[in-house]
Protein chains: 2
Amino acid sequence: MNAGRTARERARAELTEEIKAAARRQLATEGAESLSLRAISRELGMVSSALYRYFPSRDDLLTALIIDAYDALGMAAESAAAKDYEHPLQAWLAVCAALREWARTNPHEYALIYGSPISGYQAPQATVEPAARTPIVLLRIVSQAHAEGWLKLLDDAPEPTGKLPEQLDVIAEIAPGVPHRILLRVVIAWTQLFGMISFELFGQLVGTMDPADDFYDAATRQMAKFIGLS
Amino acid sequence: MNAGRTARERARAELTEEIKAAARRQLATEGAESLSLRAISRELGMVSSALYRYFPSRDDLLTALIIDAYDALGMAAESAAAKDYEHPLQAWLAVCAALREWARTNPHEYALIYGSPISGYQAPQATVEPAARTPIVLLRIVSQAHAEGWLKLLDDAPEPTGKLPEQLDVIAEIAPGVPHRILLRVVIAWTQLFGMISFELFGQLVGTMDPADDFYDAATRQMAKFIGLS
DNA sequence: TCCTTGTCAAGAGCACTGCTCTCGATTTTA
DNA sequence: TAAAATCGAGAGCAGTGCTCTTGACAAGGA
């Protein structure tokens with residue numbers, strides 16, 4: 001990490017990390033929107049203007065935090081998928097559980113990436129790749145399950161039409177060989193998954209399915225079956 | 001509306017509406033978080049402090065806007081469901097389309113109610129009832145379809161266990177007689193629906209399923225089939 | 001009709017925010 | 001060693017939510 005380079009560059013890298021750490025700390029207690037550069041600089045014992053040498057604007061700091069959050073979530077999914085499972089269904093369920101677990105542990109960071117976009121904030125291209133890590137994990141499970149002959153749809157899923165075939169072709173690059181009918185259902189399951197997590201975290205389930213443990217378990221199982229993982 | 005009452009009270013009611021209208025206007029262009037009381041008062045030609053006579057705090061204004069947004073969305077769903085359909089599936093699809101339509105037309109108001117909760121803002125009890133309008137519409141369609149014998153699950157959906165039975169009992173009050181297995185799937189479809197809308201609006205689909213028209217249509221159809229509306 | 005009471009907009013002011021610019025001091029590079 | 005790049009500190013600007021006081025006005029009872 002600190003390979004060679006001048007003392008200045010090492011100090012800069014360290015301080016950059018310290019700023020992000022303080023920002024994350026503040027993010028956890030307050031909210032995403034009330035993240036204050038001045039409060040961070042105060043916590044770090046420096047003057048607010050000095051902070052702009054490391055992050056040109058508040059949005060740049062947010063972008064860094066967003067990328068870190070995507071990476072952390074992707075990492076959680078990947079390490080859950082890395083274990084050995086007898087059946088791909090177990091891998092699917094484990095990843096789903098890990099995603100929810102991470103979201104519940106870091107609600108504000110989850111809201112940062114899957115909540116409403118920050119006002120006047122445009123997500124830069126750099127966030128696209130880390131954002132793709134999580135859905136890629138899900139797709140790989142399905143892809144591998146398909147290759148090993150585990151997938152079996154129990155109803156006659158219709159063949160996608162319209163713009164869907166070419167859109168699914170893009171996704172098929174990650175999961176080669178998987179039929180479009182199944183890929184479409186994976187995307188549906190993906191939206192269901194994060195819709196469910198968001199609803200739980202954002203309080204939409206209060207009064208009905210909250211606490212959502214059993215609901216989450218049942219839903220992930222049924223959606224796994226929905227895509228052919230029985 | 002303006003029944004009787006003194007001139008003062010009528011003026012107050014009018015100004016309250018004007019403030020909300022200006023806030024909505026500002027909400028549409030800017031974002032939810034950058035909603036400024038001072039900007040509103042400037043637009044209305046009054047001094048900022050005067051605004052506090054109508055809304056004690058920014059949160060109170062937000063609460064009013066949230067309730068209005070829930071009501072507008074609920075209204076969109078209800079009027080879509082009010083038409084005559086030959087088959088409940090058509091009603092389901094119409095309501096789903098109306099929800100997406102409203103969300104795409106009023107993205108910031110949608111984000112206000114289904115996005116990340118405002119930092120330090122606690123949704124008051126008054127928002128619960130208007131928030132329930134939309135899911136109730138969906139449940140009524142399923143309930144009526146069940147009563148008329150339209151519902152038919154094509155796979156062997158498992159019977160809900162754990163805390164689910166008593167949680168689904170609460171929902172069953174709106175859709176009496178509908179089996180728990182189906183109710184659970186309606187909730188799953190509900191989370192899928194709003195997960196999909198949020199993903200489209202918040203830019204999570206860019207690069208893959210965007211534009212999402214065909215995906216939305218296919219997903220709503222498959223989820224309708226998932227709950228037994230064939 | 002007068003007059004008290006309650007309501008109202010206005011203005012000043014506080015503490016906070018993101019951000020910019022300048023100024024010396026320090027470090028790196030040539 | 002000298003030039004160039006980088007750094008933290010400080011002042012300052014324009015904006016924010018919110019509070020408090022002041023004086024004007026309308027409503028309703030005597």
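Labels below follow one simple rule: chain letters A, B, ... track the order of the sequence lines, proteins then strands, and each chain is numbered from 1.
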**Study point:** B:Arg12 side-chain N/O to C:dC8 phosphate OP1/OP2 under 4.0 Å
**Key:** yes

Practice item. Report the distance from atom CG of A:Asp60 to atom P of C:dG18, rounded to the nearest whole Å. Key: 14 Å

Exercise for review: Rounded to the nearest angstrom, tell me the gap between atom CD in A:Glu18 and atom P in D:dG8.
Suggested key: 11 Å

Review point. So which one's nearest nucleotide on DNA chain D is more toward 5', B:Ser48 or A:Ala50?
Key: A:Ala50

Review point. Side chain of A:Arg58, base of C:dT17: donor and acceptor closer than 3.5 Å?
Key: no

Point to revise | A:Tyr52 side-chain N/O to D:dG8 phosphate OP1/OP2 under 4.0 Å | key: no

Check your understanding: Nearest of D:dG8, C:dT28, C:dA10 to any side-chain atom of A:Met46?
Key -> D:dG8

Exercise for review: Kindly assign one of parallel, tilted or perpendicular to the pair B:Tyr114 and A:Phe199, based on the angle between their ring planes and the thresholds 30° and 60°.
Suggested key: parallel

Check your understanding: Nearest to the side chain of A:Ser57, which nucleotide is it out of D:dA9, D:dG17, C:dC19?
Key -> C:dC19

Exercise for review: Under 4.0 Å between any heavy atoms, over every strand shown, what does A:Leu61 touch: base, sugar-phosphate, or nothing? Just pick one.
Suggested key: nothing

Point to revise | Any B:Ser36 side-chain nitrogen or oxygen under 4.0 Å from OP1 or OP2 of D:dG17 | key: yes

Exercise for review: Give one of base, sugar-phosphate or nothing for B:Leu51, where a contact means two heavy atoms less than 4.0 Å apart.
Suggested key: nothing

Review point. Got a sec: does the NZ of B:Lys20 have more than 12 other heavy atoms crowding it under 6.0 Å?
Key: yes

Practice item. Consider the side chain of B:Ser49, meaning its heavy atoms from C-beta on, and name the nucleotide among C:dA10, D:dT16, C:dT20 that approaches it most closely. Key: C:dA10

Practice item. Would you tell me if any nitrogen or oxygen in the side chain of B:Arg42 comes within less than 4.0 Å of OP1 or OP2 on D:dT16? Key: yes

Check your understanding: Can you find a donor-acceptor N/O pair under 3.5 angstrom joining the side chain of B:Arg38 to the base of D:dG15?
Key -> no

**Study point:** Non-hydrogen side-chain atoms of B:Pro130 and B:Asp71 separated by less than 4.5 Å
**Key:** yes

Check your understanding: What nucleotide, of D:dG8, C:dT29, D:dT16, holds the atom closest to the side chain of A:Thr6?
Key -> C:dT29

Review point. Does a side chain donor of either B:Asp60 or B:Ser57 reach within less than 3.5 Å of an acceptor in the other side chain?
Key: yes

Review point. Touch check for A:Tyr54, heavy atoms < 4.0 angstrom, all strands: base, sugar-phosphate only, or nothing?
Key: sugar-phosphate

Check your understanding: In whole Å, what is the span from the CG atom of B:Leu35 to the P atom of D:dG17?
Key -> 8 Å

Practice item. Determine the contact category for B:Ile40: base if any of its heavy atoms lies under 4.0 Å from a base atom, sugar-phosphate if only primed atoms, P, OP1 or OP2 are that close, otherwise nothing. Key: nothing

Check your understanding: So with a 6.0 Å cut-off around CZ of A:Arg221, is the heavy-atom count from everything else above 12?
Key -> no

Review point. Quick one: the side chain of A:Arg8 and the base of D:dT6, do they pair up donor-acceptor inside 3.5 Å?
Key: yes

Review point. Which nucleotide in the set D:dC18, C:dC19, C:dA9 lies at the smallest distance from any side-chain heavy atom of A:Leu37?
Key: C:dC19

